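Fair warning: this is a prediction, and the values are worked out from it, not measured in the lab.
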Amino acid sequence: SDPTVVSREERHRFTVGTATVVGALMLLASGSFIGHTASESPRLLIAASDFAHVAAASIWVGGAVALASTLRRRRRSGSGSGWALLATRFSVSATWSLVLVAATGAAMAWTILPEPSALWSSTFGRILLLKVLLVVAIAAVGAYNHFALVPAIREGADGGTIRNRLRAALSAEVVGFVAVIAATAALVGASPT
């Protein structure tokens, strides 16, 4: 068979994959046209920051949920292979996602809030502070994963113990993400003034 010929199944997979990515990007971008991001200026900065913020948060949250789910499935099936590599790779993605979430969140807060005192004098500001504290708590758990568990994984420490600690830490992160999403939903309805 000719390796340059693309099968119908491969074309279909590519088309479905492309459509999925385009759909996901459109869904991410749709939030930039509503709420505070649609009414504040400079509009382009806010829209770009919002898009990057949601995309980075999606990678972080989705990756943590997927890793926790994979660890749980592999534990149940008795398969112990590959989890260390997944955890190590996710740690890098999560770190960069956190950096982007923080930078874009700060840019949006700087633009949306009328003055720094609105952080404690407005409902929006207080909810935003709660959201930031939740993200800091999740980031602390992630730092534990990144600086304690991932190096132990790389050094070949006891897989069962480390895997259990990682699973517990990921579960804590996921619970924190649910709280962050709730705070974010409350921000949408709050006024920054």
Minimal non-hydrogen separation, Ala183 against Lys131, with atom names: CB-CB, 4.1 Å

Please check if Leu71 and Leu86 belong to a single hydrophobic cluster, counting links between Ile, Leu, Val, Met, Phe, Trp and Tyr side chain heavy atoms closer than 4.5 Å. yes

Inter-residue atom distance Leu170.CG - Asn145.CG, 0.5 Å rounding: 5.5 Å

All heavy atoms of Leu98 vs all of Ala139, minimum pair found to be CD2-CB, 3.7 Å

Can you tell me how far CZ of Arg72 sits from CG of Leu67, rounded to the nearest 0.5 angstrom? 11.5 Å

What pair of heavy atoms forms the shortest contact from Ala52 to Leu100, and how long is it? O-CD2, 4.0 Å

Distance (rounded to the nearest 0.5 Å) between His53 NE2 and Ser58 OG: 9.5 Å

Between Met108 and Thr111, does a side chain to side chain contact (heavy atoms under 4.5 Å, CB included) hold up when you go through it step by step? CA-CA 5 Å; Met108 288 189 296; Thr111 306; 5.8 Å; no

Do Leu129 and Phe124 share a hydrophobic cluster, counting only Ile, Leu, Val, Met, Phe, Trp and Tyr and linking them when any side-chain heavy atoms are less than 4.5 Å apart? yes

Establish whether Leu166 and Val174 are linked, either directly or via other cluster members, by ILVMFWY side-chain heavy-atom contacts under 4.5 Å. yes

Between CD1 of Ile127 and CG of Leu130, what distance do you get to the nearest 0.5 Å? 8.0 Å

Mark yes or no for whether Ser69, through its side chain, and Val65, through its backbone, hold a donor-acceptor pair below 3.5 Å. no

Determine the minimum heavy-atom distance between Tyr144 and Arg165, stating which atoms define it. OH-CD, 3.5 Å

Heavy-atom closest pair, residues Val61 and Phe177: CG2-CD2, 3.4 Å

Same hydrophobic cluster for Val141 and Leu134, using side-chain heavy-atom links shorter than 4.5 Å among ILVMFWY? no

Just verifying a value: how many Å separate Thr104 OG1 and Ile46 CD1, rounded to the nearest 0.5 Å? 10.5 Å

About how many Å separate CG of Leu45 and CH2 of Trp110, when rounded to the nearest 0.5 Å? 12.5 Å

Among Leu113, Ile112, Thr184, side chain to side chain contact (heavy atoms under 4.5 Å, CB included) partner for Leu128: Leu113

Please test Arg167 against Asn164 for side chain to side chain contact (heavy atoms under 4.5 Å, CB included), starting from the C-alpha separation and ending with a verdict. CA-CA 5 Å; Arg167 220 176 29 251; Asn164 289 338; 2.6 Å; yes

Does the pair Val135 and Trp60 meet the rule for a side chain to side chain contact (heavy atoms under 4.5 Å, CB included), with working shown? CA-CA 11 Å; Val135 170; Trp60 189 15; 4.1 Å; yes

